[in-house]
Amino acid sequence: MIFIFILLGIIQGVTEPIPISSSGHLLIFQKLFNYKIDYEILSIITNLGSFLAIFTVFKDRIICILKSYFTKKNKYEYTYLYKIIIASIPALIVGLIVTKMELFIYLENNIKFVGISLLITALLLFTIKNKVGNKNELSYKDAVIIGLFQVMALIPGISRSGATIVGGMNRNLDRNTAFDFSFMLYIPISLATSILGIFKLISSNLTIHEISLYLISMIVSFIFTYITINWFKNIILKGKLIYFVYYCMIIGTFVLLLL
């Protein structure tokens, strides 16, 4: 059983940073292998591992933004925090609405929808495969539009990093600026999810052994997210997103035809 939790940690760690949808891949695994695991808790706990890894990668940037916010010495840096908050609002509002409607439950139980969503991710990435922006500073309008793109990623199978990077590059941001904002935008949403996960884990009736298995998944997720995000940055700066287009097309087609 420990192997399964390690494997799921690897899946989350590898698929969270890159534009192929971590939630979609966990649902595919759940469909292929019907193990008795609380996938809701697993998703939240492994997401905590990814959050800690991404926070570690961007800690210097985060410190710089917070220092600028309190000292007001660099207008672009301290307003960057406002832009993160503004861009997070659309997904927060829509997420609360669809959760009340229990729409996520329907989508997560319909694996074919995940396949369609992966094909949509492929299409989104294809639209920017050769795009090279020239803006290295983010406006409030850019933040709002990228935030609206992030709403699409509430759907399992549509990549959050993919959607936000597409949104950024369609606003003519250069690849590095789009990449950075995409993952800075991930932090507040993931932080909220992680806090929820900790309370859910504490209030669960899991045994010490079961909790240790989930924590192993979290640690593995941290390691692989840390490795993958640095690799992905090199890929995007080289303009090689087409690889992810092919991958999402193949996996999306596999899900539609065979699952």
Side-chain angles (χ1 to χ4, degrees), residues 6-26 29 42-66 80 83-84 87-88 91 118 121-122 124-125 128-129 131 133 136 138 146-147 149-150 152-153 157-169 173-194 197 216-248 251:
I6 291 173
L7 178 59
L8 290 168
I10 293 172
I11 292 172
Q12 165 66 24
V14 171
T15 59
E16 180 59 56
I18 61 179
I20 60 174
S21 179
S22 59
S23 61
H25 278 73
L26 286 176
F29 184 92
L42 177 78
S43 177
I44 294 172
I45 296 303
T46 53
N47 177 76
L48 174 57
S50 292
F51 164 76
L52 293 173
I54 291 170
F55 184 87
T56 302
V57 171
F58 286 94
K59 66 181 185 303
D60 292 338
R61 183 82 172 93
I62 294 168
I63 292 170
C64 178
I65 292 169
L66 292 176
Y80 198 89
K83 292 163 188 171
I84 292 172
S88 300
L118 284 167
T121 295
L124 288 171
L125 294 173
I128 61 162
K129 65 182 178 67
K131 196 170 183 61
N136 59 12
L138 188 81
I146 294 169
F149 269 84
Q150 182 167 244
M152 291 190 292
I158 295 185
S159 164
R160 192 212 62 83
S161 64
T164 50
I165 288 171
V166 169
M169 294 188 69
L173 298 179
D174 63 38
R175 290 166 179 164
N176 188 63
T177 304
F179 176 89
D180 283 356
F181 190 69
S182 171
F183 285 96
M184 293 300 292
L185 192 53
Y186 167 83
I187 290 172
I189 290 178
S190 182
L191 176 61
T193 304
S194 298
I216 287 171
S217 279
M218 184 191 79
I219 293 168
V220 173
S221 174
F222 173 90
I223 294 169
F224 278 85
T225 300
Y226 186 86
I227 294 169
T228 305
I229 192 172
N230 289 292
W231 170 77
F232 177 49
K233 186 167 187 176
N234 289 327
I235 292 291
I236 193 171
L237 292 180
K238 292 176 181 176
K240 302 296 185 181
L241 286 172
I242 191 66
Y243 298 140
F244 302 112
V245 173
Y246 296 147
Y247 178 85
C248 289
I251 299 300

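The side chain to side chain contact (heavy atoms under 4.5 Å, CB included) check on Leu7 picks up Phe3, Ile11, Phe29, with sequence neighbours excluded. Residues satisfying the side chain to side chain contact (heavy atoms under 4.5 Å, CB included) criterion with Ser190, sequence neighbours excluded, are Asn47, Phe51, Tyr186, Ser194. In this structure Tyr247 satisfies the ring pair (Phe, Tyr, Trp, His ring centres under 6.0 Å) test together with His25, sequence neighbours excluded. When the side-chain hydrogen bond (donor to acceptor under 3.5 Å, both in side chains) test is applied to Thr15, no partner is found at least two apart in sequence or on another chain. Residues forming a ring pair (Phe, Tyr, Trp, His ring centres under 6.0 Å) with Phe58 (at least two apart in sequence, or on another chain): none. Contacts of Ser221 classified as side-chain hydrogen bond (donor to acceptor under 3.5 Å, both in side chains), with partners at least two apart in sequence or in another chain: Ser50. Residues meeting the side-chain hydrogen bond (donor to acceptor under 3.5 Å, both in side chains) test with Asp180, sequence neighbours left out: none.
In this structure, Thr121 and Ile20 have side chains that are not in contact, with every pair of non-hydrogen atoms separated by 4.5 Å or more. Looking only at side-chain heavy atoms (C-beta outward), Gln12 and Val220 stay at 4.5 Å or farther from each other. Residues Arg160 and Phe183 are in side-chain contact: their nearest non-hydrogen atoms beyond the backbone lie under 4.5 Å apart. Residues Leu118 and Ser21 are in side-chain contact: their nearest non-hydrogen atoms beyond the backbone lie under 4.5 Å apart. Within the 4.5 Å cutoff, the side chain of Ile146 has heavy atoms near those of the Leu138 side chain.
Shown here for Ser23 and Gly157, the closest heavy-atom pair between the two residues is OG-N, 3.8 Å. The minimum heavy-atom distance linking Ser159 with Pro19 is given by the pair OG-CA, 3.0 Å. Smallest separation of non-hydrogen atoms from Met169 and Ala178: CG-CB, 3.8 Å. Nearest heavy-atom pair across Leu237 and Arg175 is O-NH1, 3.4 Å. Nearest heavy-atom pair across Ser161 and Glu16 is OG-O, 4.1 Å.
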Quick one: side chains of residues 226-233, donor-acceptor pairs under 3.5 Å with protein atoms, not counting sequence neighbours, listed by atom name and distance.
residue	atom	partner	partner atom	Å
Thr228	OG1	Phe224	O	2.6
Asn230	ND2	Tyr226	O	2.8
Lys233	NZ	Asn176	OD1	3.2

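Note that CZ of Phe222 is 4.0 Å distant from OG1 of Thr56, once rounded to the nearest 0.5 Å. Here Leu173 contributes atom CG and Ser182 contributes atom OG; the two are 11.0 Å apart, rounded to the nearest 0.5 Å. The line from CD1 of Ile235 to CG of Leu241 is 8.5 Å long, rounded to the nearest 0.5 Å. The distance from the NZ atom of Lys240 to the CG atom of Asn234 is 12.5 Å, given to the nearest 0.5 Å. For the atom pair Ile223 CD1 and Leu52 CG, the distance stands at 12.0 Å (nearest 0.5 Å). With rounding to the nearest 0.5 Å, the separation of CD1 in Ile45 from CD1 in Ile219 is 11.5 Å.
Cation-pi geometry between Arg61 and Tyr80 is satisfied (NZ or CZ under 6.0 Å from the ring centre, within 45° of the ring normal).
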Leu8 and Thr46: CA distance, side-chain angles, deciding distance, side chain to side chain contact (heavy atoms under 4.5 Å, CB included) verdict: CA-CA 8 Å; Leu8 290 168; Thr46 53; 5.6 Å; no
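No option in Thr164, Ile165, Ile84 other than Ile84 meets the side-chain contact (heavy atoms from CB on, under 4.5 Å) test with Phe181.
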